[in-house]
Engineer: 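Sharing a structure here in structure tokens format.
Atom set for the values below is all heavy atoms of this structure, side chains included, hydrogens, waters and symmetry mates excluded.
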Amino acid sequence: MRKNMTTVAVVTAALTAALTGGTASATTVSLPQEAVPSRIAVHFDLAKGQMPENIALSPDGTAYVTFAAARQVAAITKKGETRILATLPAPADGGADTPVLKFALTTGIVRTTDGTLYFLYASGSAETTGLYRLRSGGTPTRVAALPATGLPNGLALDERSKTFYITDSALGTISTVRLGGHRASVWSSAPELASTGFIGVNGLKVRDGAVWASNLDKGTLLRIPLRQGRPGPITVKAKGLAGIDDFAFAGDQVIAALITTGRVVRVGAKGKVTTLLTAADGLQNPTSVAVRGRTLHVPSAAYTTQTDPNLVLATLPRH
């Protein structure tokens, strides 16, 4: 327990300094708010490092999350039961060489249709940083190495091309890895992906012939068209989203987690931004979102609030 508490303390110190220290250059804008029904479905154990960073859903209602500080992947049942599926080995230095954050962490996660989980691990070590595969009942296997000098963060799979897209929040890049694994290749290092001092390109999705990404420092939502597999010109679809982390699509709208301001917002097709959830709904540094039908799943890591890492469920409006 003491080791876990030490890890949590390191995480808290690093993220509090970064998230509250004014490193992000994005300007927070005043947003209209729309009330949506919500509840805290699951409370996680902060002392065990159960700070949910990313989420993927299965058809049976199970939510798969990465617990950042615990270096774990877990399954959350519809009844709210938590089962640890894998724990990644801690680096010899405890993760002190991990760029920006200075602790080893599991980040983006994707579930394929056959139930296999793929997730990212940033450890500051060339031996362990990379993209991992976890089959049902198995153990995690690294299928692609990623730069130890980077911070792999967002993960998305383009089913059509069987290609993973991976953001690196420290290096300011998006890389690709074929579904079968093997070598990662830098796909884009456009200036719109770079940080301004803390976390640059962050969340990631592939949709309708384009890669979508967020930039936490700049508070932007970006669309990058796929031009025969290559990146086209970047369009800023929304700005003023200070602290934007990961996001998901609900129809033609984007639902995004704003980690620094403790909000979940909806970005309309024309760029209009509306607040859906706040700390009053139980949010504690929300990190990502997942949508199934009209149900919104929002994990909160409580990185700086240090109060209640949790999973909030909400019902999206019909429009």
Engineer: Mind checking whether Arg223 and Ile234 have side chains closer than 4.5 Å, heavy atoms only?
Structural biologist: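 Arg223 does not reach Ile234 side chain to side chain.
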Engineer: Could you give the distance from CH2 (Trp187) to CG (Leu193), rounded to the nearest 0.5 Å?
Structural biologist: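 CG of Leu193 is found 8.5 Å from CH2 of Trp187.
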Engineer: Which heavy atom in Pro309 sits nearest to a heavy atom in Pro52, and how many Å separate them?
Structural biologist: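 Here Pro309 and Pro52 meet closest at CB-CD, 4.0 Å.
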Engineer: Any link between Leu157 and Val206 through a network of hydrophobic side chains (Ile, Leu, Val, Met, Phe, Trp, Tyr) touching at under 4.5 Å?
Structural biologist: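 Per the 4.5 Å side-chain linkage, Leu157 and Val206 are not co-clustered.
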Engineer: Once you round to the nearest 0.5 Å, how far does OG of Ser214 lie from CG of Leu222?
Structural biologist: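 Between atom OG of Ser214 and atom CG of Leu222 there are 7.5 Å.
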Engineer: Which atom pair, heavy atoms only, marks the closest approach of Ala145 to Ala184?
Structural biologist: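 So the two residues come closest at O-CB, 4.0 Å.
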Engineer: Tell me whether Gln72 contacts the main-chain N or O of Ala68 through its side chain, where contact means a donor paired with an acceptor under 3.5 Å.
Structural biologist: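 No, because the side chain of Gln72 does not come within donor-acceptor range (under 3.5 Å) of the backbone of Ala68.
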Engineer: Under 4.5 Å between side-chain heavy atoms, hopping through other hydrophobics if needed: is there a path connecting Val289 to Leu313?
Structural biologist: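 No, no single cluster joins them.
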Engineer: Indicate whether any N or O donor in one side chain lies under 3.5 Å from an N or O acceptor in the other, for Thr304 and Asn285.
Structural biologist: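 The criterion, which ignores hydrogens and geometry beyond distance, is satisfied for Asn285 and Thr304.
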Engineer: Got a donor-acceptor contact below 3.5 angstrom from the Asp93 side chain to the Asp97 backbone?
Structural biologist: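 It does hold such a pair.
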Engineer: Nearest 0.5 angstrom please: Arg71 CZ to Thr87 OG1, how far?
Structural biologist: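 Output value for this atom pair is 7.0 Å.
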Engineer: Assigning hydrophobic clusters by single linkage (Ile, Leu, Val, Met, Phe, Trp, Tyr; side-chain heavy-atom cutoff under 4.5 Å), is Tyr165 placed with Val110?
Structural biologist: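 No, separate clusters.
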Engineer: If we ignore hydrogens and angles and just use 3.5 Å, is the side chain of Asp252 paired with the main-chain N or O of Ala269 as donor and acceptor?
Structural biologist: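 Checked: no pair found.
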Engineer: Trp212 and Ile174: same hydrophobic cluster, using ILVMFWY side-chain contacts below 4.5 Å?
Structural biologist: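 No, separate clusters.
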Engineer: Evaluate side-chain contact (heavy atoms from CB on, under 4.5 Å) for Leu151 paired with Ile199, printing each intermediate quantity in order.
Structural biologist: CA-CA 9 Å; Leu151 183 67; Ile199 294 290; 3.5 Å; yes
Engineer: Looking only at side-chain N and O atoms, does Arg178 offer a donor or acceptor that is under 3.5 Å from a partner on Thr163?
Structural biologist: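 The answer is yes; a qualifying pair exists.
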Engineer: With no hydrogens and no angle check, just 3.5 Å: does a side-chain donor-acceptor pair link Asn153 and Ser169?
Structural biologist: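 Asn153 vs Ser169: donor-acceptor pair found between side chains.
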Engineer: Asn215 and Ala194: which non-hydrogen atoms are nearest, and at how many Å?
Structural biologist: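 So the two residues come closest at ND2-O, 2.8 Å.
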Engineer: Any heavy-atom pair between the side chains of Thr274 and Lys272 that's under 4.5 Å?
Structural biologist: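 In short, these two side chains touch, coming nearer than 4.5 Å.
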Engineer: Ring of Phe247, cation from Lys205 - is the NZ or CZ under 6.0 Å from the centre and inside 45° of the axis?
Structural biologist: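 Ring-cation test returns yes.
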Engineer: Determine whether Arg294 and Pro317 make a side-chain contact, defined as any pair of heavy atoms from C-beta on separated by less than 4.5 Å.
Structural biologist: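 In short, these two side chains do not touch, never coming nearer than 4.5 Å.
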Engineer: In Å, rounded to the nearest 0.5 Å, how long is the span from CZ of Arg39 to CG of Asn310?
Structural biologist: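 Here the interatomic distance stands at 11.5 Å.
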Engineer: How many angstroms lie between atom NE2 of His43 and atom OG of Ser300, to the nearest 0.5 angstrom?
Structural biologist: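 So the NE2 of His43 and the OG of Ser300 are separated by 11.5 Å.
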Engineer: Within 45° of the axis and under 6.0 Å from the centre of the six-membered ring of Phe249, does NZ or CZ of Arg207 qualify?
Structural biologist: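 Yes; both conditions hold, so Arg207 lies above the ring face of Phe249.
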Engineer: What pair of heavy atoms forms the shortest contact from Pro299 to Leu311, and how long is it?
Structural biologist: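 Taking every non-hydrogen atom into account, N-CD1, 3.8 Å.
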Engineer: Where is the tightest heavy-atom contact between Glu53 and Thr287, given as atom of each residue plus distance?
Structural biologist: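 Minimum heavy-atom separation between Glu53 and Thr287: O-OG1, 3.1 Å.
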Engineer: Can you find a pair of side-chain heavy atoms, one from Thr62 and one from Leu57, that are under 4.5 Å apart?
Structural biologist: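 Result no, sub-4.5 Å side-chain heavy-atom pair not found.
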Engineer: Measure the OH-CG distance between Tyr132 and Leu120 for me, rounded to the nearest 0.5 Å.
Structural biologist: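 Spacing of OH (Tyr132) from CG (Leu120) equals 10.5 Å.
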Engineer: Mind running side-chain contact (heavy atoms from CB on, under 4.5 Å) on Leu276 and Val265 for me, showing each step along the way?
Structural biologist: CA-CA 5 Å; Leu276 298 180; Val265 300; over 6 Å; no
Engineer: Report yes or no: does Thr129 contribute a side-chain atom to a donor-acceptor pair with the main-chain N or O of Ser125 at less than 3.5 Å?
Structural biologist: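 Yes, Thr129 side chain to Ser125 backbone: donor-acceptor pair under 3.5 Å.
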Engineer: Tell me, do Leu316 and Ile255 make a side-chain contact under 4.5 Å, heavy atoms counted?
Structural biologist: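 Result yes, sub-4.5 Å side-chain heavy-atom pair found.
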Engineer: Let me check something: do Ile84 and Val42 share a hydrophobic cluster, defined by ILVMFWY side-chain heavy atoms less than 4.5 Å apart, either directly or through other members?
Structural biologist: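 Same cluster.
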Engineer: Is the shortest side-chain heavy-atom distance between Asp168 and Leu146 below 4.5 Å?
Structural biologist: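 Side-chain contact under 4.5 Å: no.
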Engineer: Can you classify the ring geometry of Phe67 versus Phe44 as parallel (below 30°), tilted (30 to 60°) or perpendicular (above 60°)?
Structural biologist: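 Perpendicular: the ring planes of Phe67 and Phe44 meet at over 60°.
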Engineer: Could you point out which residue of Thr315, Asp281, Thr278 forms a side chain to side chain donor-acceptor pair (under 3.5 Å) with Ser38?
Structural biologist: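 Going through the options one by one, the only one that passes is Asp281.
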Engineer: Indicate whether the side chain of Gln284 and that of Thr305 have a donor and an acceptor atom separated by less than 3.5 Å.
Structural biologist: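 On atom types as modelled, these side chains qualify, holding a pair under 3.5 Å.
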Engineer: If every non-hydrogen atom of Ile244 is compared with every non-hydrogen atom of Asn202, which pair is closest and at what distance?
Structural biologist: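 In terms of heavy atoms, the two residues are closest at O-ND2, 4.0 Å.
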Engineer: Ignoring hydrogens and geometry, is there a side-chain-to-backbone donor-acceptor pair from Gln306 to Tyr303 under 3.5 Å?
Structural biologist: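 Flag set: sc Gln306 to bb Tyr303 pair under 3.5 Å.
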Engineer: Please test Asp246 against Asn54 for side-chain contact (heavy atoms from CB on, under 4.5 Å), starting from the C-alpha separation and ending with a verdict.
Structural biologist: CA-CA 8 Å; Asp246 210 347; Asn54 208 248; 2.8 Å; yes
Engineer: With a 4.5 Å cut-off on side-chain heavy atoms, are Lys239 and Leu241 touching?
Structural biologist: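 The answer is no; the side chains never approach within 4.5 Å.
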Engineer: Test side-chain contact (heavy atoms from CB on, under 4.5 Å) on Thr107 and Tyr121; report intermediate values, then the result.
Structural biologist: CA-CA 6 Å; Thr107 53; Tyr121 182 40; over 6 Å; no
Engineer: Can you check side chain to side chain donor-acceptor pair (under 3.5 Å) on Thr128 and Ser123, steps first, answer last?
Structural biologist: CA-CA 7 Å; Thr128 53; Ser123 67; 2.5 Å; yes
Engineer: Within a strict 4.5 Å, meaning less than it, do heavy atoms of the Leu204 and Leu155 side chains meet?
Structural biologist: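 A side-chain contact is absent here, since even the closest heavy-atom pair is not under 4.5 Å.
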